[in-house]
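Numbers restart at 1 for each chain; the letters A, B, ... are given by sequence-line order, proteins then strands. Because only heavy atoms are used, hydrogens play no part in the values below, and waters and symmetry mates are left out as well, while side chains stay in.
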Amino acid sequence: MSLVLYNTLKRAKEPFVPRDPKHVGMYVCGPTVYDFAHIGNARPVIVFDVLYRLLKRRYPNVIYVRNITDVDDKINAAAKANNEPIAALTARTAQAFHADIGELNALPPDVEPRATEHIGEMIAMIRILIERGHAYEAQGHVLFSVASDADYGKLSNRSRDEMIAGARVEIAPYKKDPADFVLWKPSAPDLPGWESPWGRGRPGWHIECSAMSKKHLGQTIDIHGGGVDLVFPHHENEVAQSECAHGAPFARYWVHNGFLSVNGEKMSKSLGNFITIRDALKLAPGLAPGEVIRVFMLGTHYRQPIDWTEDALKQARSSLDRFYTALRNAADVPAVAGAVDPEVDAALDDDLNTPLALQALHRLAGDLNKATNVSDCARLKASLLASGDLLGILKQDVEAWFKGRIVAAVGTASGTSTVKGVGALAVGAATISGSGAVFMEEGEIERLIDARNAARQRKDFAEADRIRAVLAEQGIVLEDKAGTTTWRRAG
RNA sequence: GGCCCGGUGGCAGAGUGGCCAUGCAGCGGACUGCAAAUCCGCGUACGUCGGUUCGAUUCCGGCCCGGGCCUCCA
């Protein structure tokens, strides 16, 4: 059992060999807290959560660091637009982020550093870069000198000249070279700022990750993750800053998740297809869509693009229905300590092949359905649960899954509200609002089932079928087996 | 223009130099008072043109198409 990861730095899969197997460190770029996180943000959260779970299974001490960027021009702009203090905006948004990804069953990272709490470390790093001739001050700005770093471009595989040729580089008068990027910049009195050797200012975007990963994981980290769009410039610049400041390799394995599109289009506010995690979770609150979203994400390999569509979500839910059905049918089998299925381990070891792992889960579910003796059932059930746990799924109560829990809406800044009813699993901003159906109360369902069974006893099948139809209209599906009737809410 | 990914059956989506993906949907059967669930069976899939090979969807090259990045971005 050995983990293989695709390393962006090498553009190839390679065996993961930690520097120190007793202390494995992973740094993942977290959110900039200026607005609700969107479903694109959910992808790295879920992908690296699975990697974290896998690493914890393989190594005794894993430190997972995911930062919160709470100083940024977008934050300043959003606060101004909302007429809201910056600290209130970032606190509110960070809290919403935690609530949202909690619904996705993502484990919290071990450390969640905030940029504003590491200004001192950033300033210290910038000073070292200046001392070593890799950065210079100009008109209150401090810029990183790309020309001073012979290795610049090794992560994103592009040369400085190619960047300039792109001609979209910001040419500022204080730059010695158009490719240079900002480490520190002056801040207006009404904007967040900190005293520094270069006057009152605030950090550039890239320096925070360099400073925070150094502080919490050391100069050289095992794994650095994020979305592919961050490869350039963000991660390239992190490499440049950290390696020039420390003279040591920065990250040994770079892991990048692919992009998410919505109905085949790039998600953007201008296209009107911008979906927040929060809105996605409201699509079908009674059916725990956090887990549906999770299976949807894991159904595609993390480096492949993934397309958010209604059909894809329905298929994810169908997969979960199958898993939970197998578990429901084995409900009376005692739970035993379970072993993760070897195929699941092997699939995840191969660069996090979650679709293949899901296939193994389907096989387990099928085997469980077919198992005839109690010991096989117990073993397969336990294996299915343990394997699911490694993927962060199948943690719910089986009956709750089928009967539809009444969930509290994900907390908003003003509190929480109770949401009842299962809307269609609608997708897209235009259809999110329509979840107005009201649940039939469970007591009423049970009463009708009793009435139907009484009818069946006296062979009044017309009445029995009438009641079945009444319930079907409410989205309730009945299943008669072994003398008892169970029910579930249909999708 | 530069760099990087992809194109697999109705849909989604793994994978492999010669034999099975898997799920959903569909069809047939078993089971059921009827259903549902489950089980069994069923589908001449690998963009295109060449090359290597005994044999390629899988390796190599050209082409076509799609996507991402090129200092806002997970």
Using a heavy-atom cut-off of under 4.0 Å over every strand shown, decide if [X] touches base, sugar-phosphate, or nothing.
| X | value |
| --- | --- |
| A/Gly366 | sugar-phosphate |
| A/Ser156 | sugar-phosphate |
| A/Val231 | nothing |
| A/Leu260 | base |

Taking the same atom, [atom1], in [N] and in [M], what whole-Å distance lies between them?
| N | M | atom1 | answer |
| --- | --- | --- | --- |
| B/A21 | B/A45 | P | 10 Å |
| B/A14 | B/C63 | C1' | 27 Å |
| B/C24 | B/A30 | C1' | 22 Å |
| B/U8 | B/C3 | C1' | 27 Å |
| B/A37 | B/U32 | C1' | 11 Å |
| B/G66 | B/A25 | P | 32 Å |
| B/C59 | B/C46 | P | 16 Å |
| B/G9 | B/U48 | P | 11 Å |

In whole angstrom, what separates [X]'s [atom1] from [N]'s [atom2]?
| X | N | atom1 | atom2 | result |
| --- | --- | --- | --- | --- |
| A/Ile275 | B/C73 | CD1 | P | 22 Å |
| A/His301 | B/C5 | NE2 | C1' | 12 Å |
| A/Lys314 | B/G23 | NZ | C1' | 16 Å |
| A/Glu265 | B/G68 | CD | C1' | 15 Å |
| A/Asp321 | B/A36 | CG | C1' | 12 Å |
| A/His224 | B/A74 | NE2 | P | 13 Å |
| A/Leu230 | B/C3 | CG | C1' | 17 Å |
| A/Leu155 | B/G68 | CG | C1' | 15 Å |

Can you figure out which of [options] approaches the side chain of [X] most closely?
| X | options | result |
| --- | --- | --- |
| A/Phe461 | B/G33, B/C73, B/C4 | B/G33 |
| A/Phe232 | B/A36, B/C72, B/C70 | B/C70 |
| A/Asn157 | B/C72, B/A35, B/C3 | B/C3 |
| A/Gln359 | B/C72, B/A21, B/A14 | B/A21 |
| A/Asp229 | B/A14, B/A74, B/C11 | B/A74 |
| A/Gln315 | B/G2, B/C72, B/C24 | B/C24 |
| A/Arg11 | B/C4, B/A37, B/A74 | B/C4 |
| A/His38 | B/A74, B/C39, B/G68 | B/A74 |
| A/Trp205 | B/C70, B/G23, B/C72 | B/C72 |

Is the base of [N] touched by the side chain of [X] through a donor-acceptor pair closer than 3.5 angstrom?
| X | N | value |
| --- | --- | --- |
| A/Asp465 | B/G33 | yes |
| A/Arg322 | B/G23 | no |
| A/Arg468 | B/A35 | yes |
| A/Asp480 | B/C34 | yes |
| A/Arg452 | B/G33 | yes |
| A/Gln304 | B/C5 | no |

Under a 3.5 Å cut-off for both distances, is [N] Watson-Crick or wobble paired, and to whom?
| N | value |
| --- | --- |
| B/C59 | B/G51 |
| B/C46 | none |
| B/A35 | none |
| B/G66 | B/C5 |
| B/C24 | B/G10 |

Judged by modelled atom types alone, do A/Asp180 and A/Ser145 share a side-chain donor-acceptor pair under 3.5 Å? no
Tell me whether [X] is salt-bridged to [Y], with the criterion being a basic N under 4.0 Å from an acidic carboxylate O.
| X | Y | value |
| --- | --- | --- |
| A/Arg363 | A/Glu343 | yes |
| A/Asp321 | A/Arg488 | no |
| A/Arg379 | A/Asp376 | yes |
| A/Asp73 | A/Arg202 | yes |
| A/Arg317 | A/Glu291 | no |
| A/Asp35 | A/Lys74 | no |

Evaluate the ring planes of [X] and [Y], with Trp represented by its six-membered ring, and classify them as parallel (under 30°), tilted (30 to 60°) or perpendicular (over 60°).
| X | Y | value |
| --- | --- | --- |
| A/His224 | A/Tyr27 | tilted |
| A/Phe402 | A/Tyr324 | perpendicular |
| A/Phe181 | A/His206 | perpendicular |

Would you say a side-chain N or O of [X] is under 4.0 Å from OP1 or OP2 of [N]?
| X | N | answer |
| --- | --- | --- |
| A/Lys266 | B/C73 | no |
| A/Thr300 | B/G13 | yes |
| A/Trp487 | B/A36 | no |
| A/Asn353 | B/G15 | yes |

Between A/Leu358 and A/Lys481, just flag the one whose closest nucleotide in RNA chain B comes earlier from the 5' side. A/Leu358
Closer to the 5' end of RNA chain B via nearest nucleotide, is it A/Asp367 or A/Gly40? A/Asp367
If you measure from the ring centre of A/Phe259 to the centre of the six-membered ring in the base of B/G67, is it under 5.5 Å, with the planes under 30° apart?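 Per 5.5 Å and 30° rule: no stacking.
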